[in-house]
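The structure under discussion appears below in the form of structure tokens.
Start at 1 and go down the list; that is how both ligands and their atoms are numbered. Position 1 is the first residue of the sequence; numbering continues from there. Please read all numbers here as calculations on a predicted model, not as lab measurements. The analysis underlying the following values was restricted to heavy atoms, covering all of them including side chains, and did not include hydrogens, waters or symmetry mates.
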Amino acid sequence: MSQVYATPAQTTLPPLLAGWHDGFAALGPAFFTRLHPTPLPAPHWVGMSAEVGRLLGLPDDWQLREDALQFFTGNRPPLGSQPLASVYSGHQFGVWAGQLGDGRAILLGETATGQEVQLKGCGRTPYSRMGDGRAVLRSSIREFLCSEAMAALGIPTTRALCVTGSPQPVQREELETAAVVTRVAPSFIRFGHFEHFAARGQHAELRQLADYVIDRYYPECRADANPCAALLRAVSERTARLIALWQAVGFCHGVMNTDNMSILGLTVDYGPFQFLDAFDPGHICNHSDHQGRYAFDRQPGVAYWNLLCLARALLPLIEDVQQAQAALDSYEPVFVDAFMARLRAKLGLRQARAGDEALMDGLQRLLSAGRVDYPIFWRRLSHAVATSEFEPVRDLFADRAGFDAWLLQYQELLAVDDRALAADLMLKTNPHYVLRNHLGEAAIRAAKLGDFSVLQTLQDLLARPFDERPGHEAYADFPPDWASHISISCSS
Ligand code: AMP
Ligand code: MG
């Protein structure tokens with residue numbers, strides 16, 4: 001695709017990003033198509049992360065620079081790098097979907113700091129199928145805010161450097177406007193990349209991809225007698241730990257297709273995601289998910305199913321079904337351990353003890369039966385442990401007797417621990433500010449009117465989600481009634 005770029009206006013400025021590495025691009029043309037982003041008219045800044053800027057080694061003033069605005073909108077060629085869209089396949093909603101690929105994301109390259117930089121929403125690619133190659137402002141803001149919120153919660157994720165917007169109209173259910181998110185990760189390789197070459201019987205490319213991933217990201221697997229089985233085990237374990245963190249914090253991804261599963265165990269492709277408000281284990285956040293395949297409590301099982309797809313793709317390299325199965329078998333115990341450990345931390349229990357599992361099960365039943373607000377419960381419990389004043393927690397439950405019985409059990413386990421230490425751990429594990437749907441929605445509504453202040457406030461609060469900031473109580477409150485009517489589909 002040939003593109004017309006604006007002539008650089010400030011050629012004397014130091015380059016934004018210099019010293020691109022070849023990285024993924026060195027795999028060769030079977031893995032991607034070289035192409036440039038399609039420019040967007042009249043871009044403007046929507047959101048920016050100084051922290052991710054530092055991660056990339058950008059100059060301090062990048063957020064003020066016109067060339068950065070143009071660059072991250074895809075309106076200037078990245079000097080020294082040859083951008084590309086990668087090809088992958090995958091299972092969508094449990095069904096083999098065949099070839100997919102970067103339909104609206106273009107990889108600019110890998111920086112000297114070992115980070116890949118990708119522009120999402122920057123025009124059509126050979127993998128766009130029926131899509132327009134664009135992303136709308138609404139979904140781009142959601143992806144930006146959530147990437148950075150997850151990072152601040154310590155949950156592995158792709159990062160987001162910035163969002164730029166353009167007046168260019170984009171048709172979804174309604175007419176919206178275009179935006180571009182600049183995403184950053186050590187790698188954007190998905191399970192679907194492996195499935196792609198396995199499905200086509202391209203075993204040389206499959207091996208090349210596995211070797212690349214092992215050498216770059218899992219070098220410890222090289223020493224194993226069966227490096228690809230070791231890779232499968234390592235990915236299974238990372239995925240297990242990721243999903244454990246999702247389940248503990250109440251994060252629902254919404255579209256856990258195999259093409260949305262990172263080989264590095266990162267949260268990737270933020271679409272109709274949601275942090276739970278009221279605790280409902282069967283919650284479905286994606287309005288396009290009619291069967292509830294990706295309901296909140298199905299995520300651990302779906303992740304395993306996705307790992308099975310990865311295992312099947314890797315089998316020609318592993319060459320031994322039993323070794324592949326043994327690698328997959330690590331998923332469940334690692335998930336259970338990681339999930340229990342996180343719940344224990346949420347409860348301020350610093351050691352595993354007999355009775356803690358029953359305590360957690362009982363709590364889950366109570367929260368679910370009462371549809372108790374999940375983030376507020378944890379935060380109030382953290383304060384209650386600090387002050388020994390449990391009434392505000394009790395108030396959240398209609399079943400007071402049930403709660404009292406649970407509390408007795410909890411206090412018994414807690415009695416062995418130092419209360420101050422327990423409360424401290426809880427206040428650092430249970431976030432005060434969570435990117436609830438209605439908060440994202442408020443930022444989006446304001447941004448559509450050209451006001452980015454809500455987004456900035458939210459971004460700032462979510463960057464330190466455990467610190468209570470006076471004057472921002474509304475951001476940590478129960479969701480308003482209208483929150484339950486927000487409809488988030490796959491359309492983005
Ligand atoms: P997702 O469900 O967003 O992970 O996307 C699934 C597939 O559809 C991927 O191959 C995407 O690149 C592609 N896709 C999604 N939206 C668009 C779009 N607007 N234009 C082109 N491709 C898209
Ligand atoms: Mg995707």
Side-chain angles (χ1 to χ4, degrees), residues 1 31-33 35-38 40 74 83-107 116 118-144 146-147 157-158 160 163 165-166 168-181 183 185 187-196 199 252-264 266-274 284-290 293-294 299 302-303 306 309-310 488-492:
M1 278 179 214
F31 294 83
F32 53 78
T33 303
L35 83 172
H36 281 287
T38 309
L40 278 170
L84 60 88
S86 77
V87 63
Y88 54 80
S89 294
H91 285 83
Q92 297 185 313
F93 290 91
V95 178
W96 177 244
Q99 180 181 303
L100 302 164
D102 296 324
R104 54 175 169 171
I106 290 181
L107 182 70
E116 289 189 348
Q118 203 185 56
L119 301 185
K120 178 172 176 180
C122 62
R124 300 195 83 244
T125 78
Y127 315 113
S128 299
R129 298 175 295 154
M130 308 300 285
D132 57 9
R134 291 301 176 191
V136 295
L137 181 65
R138 161 180 58 86
S139 62
S140 304
I141 288 176
R142 281 171 54 84
E143 170 142 16
F144 174 73
C146 200
S147 307
T157 178
T158 62
V163 177
S166 159
Q168 176 142 313
V170 174
Q171 186 67 54
R172 294 293 181 261
E173 280 96 341
E174 294 171 7
L175 200 60
E176 303 190 43
T177 57
V180 176
V181 193
R183 303 199 289 194
S187 171
F188 285 94
I189 295 177
R190 300 140 191 275
F191 290 8
H193 281 95
F194 288 88
E195 289 180 278
H196 181 74
C252 203
H253 181 282
V255 205
M256 288 175 69
N257 293 333
T258 57
D259 55 302
N260 290 339
M261 297 293 292
S262 152
I263 202 72
L264 299 186
L266 308 172
T267 314
V268 67
D269 279 11
Y270 292 91
F273 71 84
Q274 186 180 1
I284 303 162
C285 64
N286 177 356
H287 285 238
S288 318
D289 181 8
H290 306 295
R293 179 179 175 84
Y294 299 137
Q299 296 188 127
V302 164
N306 291 342
C309 293
L310 178 65
I488 313 271
S489 67
C490 273
S491 150
S492 59

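Atoms of ligand 1 found under 4.0 Å from any heavy atom of Asp269, numbered from 1 in the order shown, are 4 (O). Atom numbering of ligand 1 starts at 1 in the shown order; those under 4.0 Å from a heavy atom of Gly133 are 18 (C), 19 (N), 20 (N), 21 (C). Here is the list of ligand 1 atoms found below 4.0 Å of a heavy atom in Gly101: 9 (C), 10 (O), 11 (C), 12 (O). Listed by number with element, the atoms of ligand 1 under 4.0 angstrom from any heavy atom of Arg172 are 19 (N). The Tyr88 neighbourhood of ligand 1 comprises atoms 9 (C), 10 (O), with distances under 4.0 Å to a heavy atom of that residue. Taking every non-hydrogen atom of Gly131 and a distance limit under 4.0 Å, the qualifying atoms of ligand 1 come out as 18 (C), 20 (N), 21 (C). Residue Asn260 has at least one heavy-atom neighbour below 4.0 Å for each of these atoms of ligand 1: 4 (O).
The 12-atom threshold is not exceeded at CD of Glu174, counting heavy atoms of other residues, nucleotides or ligands nearer than 6.0 Å.
Taking only nitrogen or oxygen atoms, main chain and side chain alike, Gln92 does not reach within less than 3.5 Å of ligand 1. Checking only distances, Asp132 does come within under 3.5 Å of ligand 1, N or O to N or O. No N or O atom of Leu100 sits closer than 3.5 Å to an N or O atom of ligand 1. At under 3.5 Å, not a single nitrogen or oxygen of Ser492, backbone or side chain, sits near a nitrogen or oxygen of ligand 1. Note: no N/O pair closer than 3.5 Å links Val255 and ligand 1 by distance alone. For the pair Arg104 and ligand 1, the shortest N or O to N or O distance falls below 3.5 Å.
Looking at Asp269 and the Mg ion (ligand 2) together, the shortest N, O or S contact belongs to OD2.
Although no hydrogens or angles enter the test, the distance criterion places no donor-acceptor pair under 3.5 Å between the side chain of Asp259 and the main chain of Gly90. Proximity of a side-chain donor or acceptor of Asn257 to a complementary backbone N or O of Phe93 within less than 3.5 Å is detected. A donor-acceptor pair is defined here as one N or O able to donate and one able to accept, closer than 3.5 Å; no such pair exists between the side chain of Arg293 and the backbone of Val302. Of the possible donor and acceptor atoms, one in the side chain of Asn260 sits under 3.5 Å from a partner among the backbone N and O of Val255. Judged by distance alone, with hydrogens and angles left aside, the side-chain atoms of Arg104 form a donor-acceptor pair with the main-chain N or O of Arg134 at under 3.5 Å. Proximity of a side-chain donor or acceptor of Asp102 to a complementary backbone N or O of Ile106 within less than 3.5 Å is not detected. Remark: side-chain polar atoms of Arg190 are not paired, donor with acceptor, to backbone N or O of Thr258 under 3.5 angstrom. At distances below 3.5 Å, not a single donor-acceptor pair connects side-chain atoms of Gln118 with backbone N or O atoms of Phe188.
Distances from the Mg ion (ligand 2) show that Asp259 has no N/O/S atom below 2.8 Å. Checking Asn260 against the Mg ion (ligand 2), an N/O/S atom falls under the 2.8 Å cut-off.
Atom 10 (O) of ligand 1 is approached by the protein to below 4.0 angstrom, counting heavy atoms only.
For the residue pair Gln299/His253, the side-chain donor-acceptor check at 3.5 Å is not satisfied. Checking Ser492 against Tyr270 by side-chain atom types alone, no donor-acceptor pair falls below 3.5 Å.
By the 4.5 Å heavy-atom criterion applied to side chains, Met261 and Leu310 are not counted as neighbours.
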*Given side chain to side chain donor-acceptor pair (under 3.5 Å), test Thr33 with Tyr127 step by step and report yes or no.*
CA-CA 9 Å; Thr33 303; Tyr127 315 113; 2.7 Å; yes
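Shortest contact from atom 21 (C) of ligand 1 to any protein heavy atom: Gly103 O, 3.2 Å. If you check which protein heavy atom lies closest to atom 7 (C) of ligand 1, you get Arg129 NH2, 3.1 Å. The protein atom (non-hydrogen) at minimum distance from atom 5 (O) of ligand 1 is Asp259 OD2, 4.6 Å.
Counting heavy atoms under 4.0 Å from ligand 1, residue Tyr127 does not touch it at all.
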